[in-house]
There are 2 protein chains.
Amino acid sequence: MKKKESGSIDIETFRATNIGQPLMEVAKDFQRRALAKFYERGHDELQPSHQAVLAYLHASGTRLTELAELAGMSKQAMGQLVDEIERLGYVERVPDPSDGRAKIVRFTVSGKKLIRDGTKIASEIQEQYTALIGVKRFEQLREILDELRSKAKMLPIGDEVGEK
Amino acid sequence: MKKKESGSIDIETFRATNIGQPLMEVAKDFQRRALAKFYERGHDELQPSHQAVLAYLHASGTRLTELAELAGMSKQAMGQLVDEIERLGYVERVPDPSDGRAKIVRFTVSGKKLIRDGTKIASEIQEQYTALIGVKRFEQLREILDELRSKAKMLPIGDEVGEK
DNA sequence: GCAAAATAGTCAAGATACTTTATCTTTTGC
DNA sequence: GCAAAAGATAAAGTATCTTGACTATTTTGC
C-alpha cells in the first residue's frame, strides 16, 4: 500500500485542528448580539470599534496614550476613536492635573449609563449562552479564556522570525 | 443605607461579566500567531481575511455564492477575496459543468500545500496553548466553543427589534 | 415552448476602521 | 535650556467590507 496521492489533502483534519475559526465565530456572534442590544437601548450610533475604548477605559479616567497601548493601536487611531465617542457624548477629555501635557479621557454621565447598560447586555447574552450550553460550561469557558488570555500575553508570537 | 451615588459605576462588574472581550482577544492572539507562522513558511502575502475562504472551501471545490453564505458576507466581498487568493495562486475558478452561470472555486496544488501547512500551524499553536493551560482545559475549550457555535446559529440576534 | 423571475457572478463606487508618516504645540525632567 | 514625551492635526494609504447596477444563465409558470 502506497501513501495517498500526493495531491490529496485532509481538509477535515485542518478544520478539526484549527481552533481559531470557532474562536473568531463565537467572538463575532457575541459582538453582533451586543451591538443589536445597545441599539435597542438607544445607543444607536455605537460602532464595533468603540468597544476598544470602553473595554479599557478606567472608571477614574485614562490617558489617551495608555488607552492606545492597552488596545494595541496607534495614538492617532485611538485619538480618532475618542473623537467619535466624545461626539456621541459618552466620554470627555479633561486636563491631567499631574501632567500639563496630558489629558484624561473619562466617562460622562451618559457614558456611565452606557457601561451600566453594557453590564445588563453582557448578562443577557450570558443568559442566552447558558441556556444553550449550561451554566457550568459557560463558567468553564470564561475561566479558560481568562487564563489563556493572561498567559498568552507573555508568549512570543513569531518564534524568532526577525529579519533574515 | 441609601443606594450608591447614582453617578457611580461598577466598571469591574462590567468587565467581569463581559465575556466578549476575552473571546475577541484570544481569537486575535490566535490569528496573529497563525499569520506569523504562515509568513515563516513563505506564505508571506496571506491576510487575515483570507481565512474566511480557506476555512470554508471544500476539498472538491465550492461555489462562490455558497462560500459567501458560509462566511456570512456578500457575494461581492467574497468575489474580491477569491480574486486575491487566486492572484496568490492558492485557488482557481473553473466552470461548474452542472450550471453555466456558476464557477467552482477550488484549491490549486499550491493551495493544498497551504492547507497542509495550516494544519501543522494549528497544531503548533495548540501545543503552545496546551503548554499554558493544559491539554484537558484546551480540549474543553474546543468542545465548548464548537457546541456554542453550532447552537448559537439558531438563536435570533436582536430580540425582535425590527422597524418600529 | 417561451416570457418572466430567480440565481451566479462581476464591475464599480463608497464606507469603515484602521495604519503610517509627518508636523506642530505644550510641558516635563533633568 | 533642551531633549523627550503627550497629544493634536492632517494627509495619504491599506484592508475589508457594503450597496447598487449590470450581464449571463437557469428555472418557473403557464
Side-chain angles (χ1 to χ4, degrees), chain A residues 20-21 24-25 27-28 31-32 35 38-39 44-58 61-88 91-106, chain B residues 24-25 27-28 31-32 34-35 38-39 43-58 61-88 91-106:
Chain A
Q21 192 64 22
M24 191 58 90
E25 279 186 27
K28 292 228 170 120
Q31 196 172 61
R32 262 179 288 123
L35 226 58
F38 274 116
Y39 189 96
D44 55 352
E45 289 196 85
L46 206 63
Q47 301 284 340
S49 61
H50 300 163
Q51 168 79 1
V53 179
L54 275 23
Y56 297 114
L57 192 54
H58 196 266
T62 308
R63 285 189 195 173
L64 191 135
T65 302
E66 199 184 336
L67 279 178
E69 273 167 25
L70 289 169
M73 59 170 63
S74 64
K75 292 192 297 178
Q76 295 93 322
M78 184 52 79
Q80 286 178 35
L81 267 184
V82 171
D83 283 348
E84 284 176 49
I85 302 170
E86 191 167 29
R87 184 183 62 77
L88 297 180
V91 301
E92 60 188 349
R93 286 167 161 105
V94 295
D96 185 339
S98 73
D99 187 335
R101 298 166 302 179
K103 286 176 187 170
I104 290 174
V105 181
R106 68 176 189 198
Chain B
M24 192 58 88
E25 280 186 27
K28 293 227 169 122
Q31 196 170 66
R32 262 179 287 122
L35 227 57
F38 275 115
Y39 189 96
H43 305 292
D44 55 353
E45 290 195 84
L46 206 64
Q47 299 287 340
S49 62
H50 301 164
Q51 167 79 1
V53 179
L54 277 21
Y56 296 114
L57 192 53
H58 196 267
T62 308
R63 283 189 194 174
L64 191 137
T65 301
E66 199 184 334
L67 279 177
E69 272 168 24
L70 289 169
M73 59 171 62
S74 64
K75 296 189 295 178
Q76 295 93 321
M78 185 52 79
Q80 284 179 35
L81 269 184
V82 171
D83 282 348
E84 284 177 49
I85 302 170
E86 192 167 28
R87 183 182 62 77
L88 298 181
V91 300
E92 60 188 350
R93 287 167 162 105
V94 295
D96 184 339
S98 72
D99 188 335
R101 298 166 300 180
K103 287 174 188 171
I104 290 175
V105 180
R106 68 177 189 198

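Side chains included, hydrogens not; waters and symmetry mates left out as well; all remaining heavy atoms used. Lettering follows sequence order; numbering is per chain, from 1.
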Counting just side-chain N and O atoms, does [X] come under 4.0 Å of either OP1 or OP2 of [N]?
{"X": "A:Arg93", "N": "D:dA8", "answer": "yes"}
{"X": "B:Gln76", "N": "D:dT18", "answer": "no"}
{"X": "A:Ser74", "N": "C:dT19", "answer": "yes"}

salt_bridge(B:Arg93, B:Asp83) N-O dist < 4.0 Å: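 Salt bridge flag = yes for B:Asp83 with B:Arg93.
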Pairs involving residues 45-56 of chain A, ordered by first then second residue, that meet salt bridge (Lys or Arg N to Asp or Glu O under 4.0 Å) (sequence neighbours left out):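 Residue pairs with at least one partner in residues 45-56 of chain A: A:Glu45-A:Arg87.
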Rounded to whole Å, how long is the line connecting atom [atom1] of [X] with atom [atom2] of [N]?
{"X": "A:Lys28", "N": "C:dA17", "atom1": "NZ", "atom2": "C1'", "value": "13 Å"}
{"X": "B:Gln47", "N": "C:dC18", "atom1": "CD", "atom2": "P", "value": "16 Å"}
{"X": "A:Asp99", "N": "C:dT26", "atom1": "CG", "atom2": "P", "value": "15 Å"}
{"X": "B:Arg63", "N": "C:dT10", "atom1": "CZ", "atom2": "P", "value": "13 Å"}
{"X": "A:Glu69", "N": "D:dA6", "atom1": "CD", "atom2": "C1'", "value": "11 Å"}
{"X": "B:Leu64", "N": "C:dC11", "atom1": "CG", "atom2": "P", "value": "12 Å"}
{"X": "B:Glu66", "N": "C:dA8", "atom1": "CD", "atom2": "C1'", "value": "12 Å"}

No-hydrogen, no-angle side-chain donor-acceptor test under 3.5 Å, B:Glu84 and B:Gln80: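 The answer is no; no qualifying pair exists.
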Non-hydrogen side-chain atoms of B:Lys103 and B:Leu64 separated by less than 4.5 Å: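 A side-chain contact is absent here, since even the closest heavy-atom pair is not under 4.5 Å.
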Residue closer to the 5' end of DNA chain D, B:Ser49 versus A:Lys75 (nearest nucleotide):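 The residue closer to the strand's 5' end, by nearest nucleotide, is A:Lys75.
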Sugar-phosphate, base or nothing in reach of A:Gly100, heavy atoms under 4.0 Å: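 Sugar-phosphate, backbone atoms only, no base.
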Sugar-phosphate, base or nothing in reach of A:Ala77, heavy atoms under 4.0 Å: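 Counting heavy atoms under 4.0 Å across all strands, the contact made by A:Ala77 includes a base.
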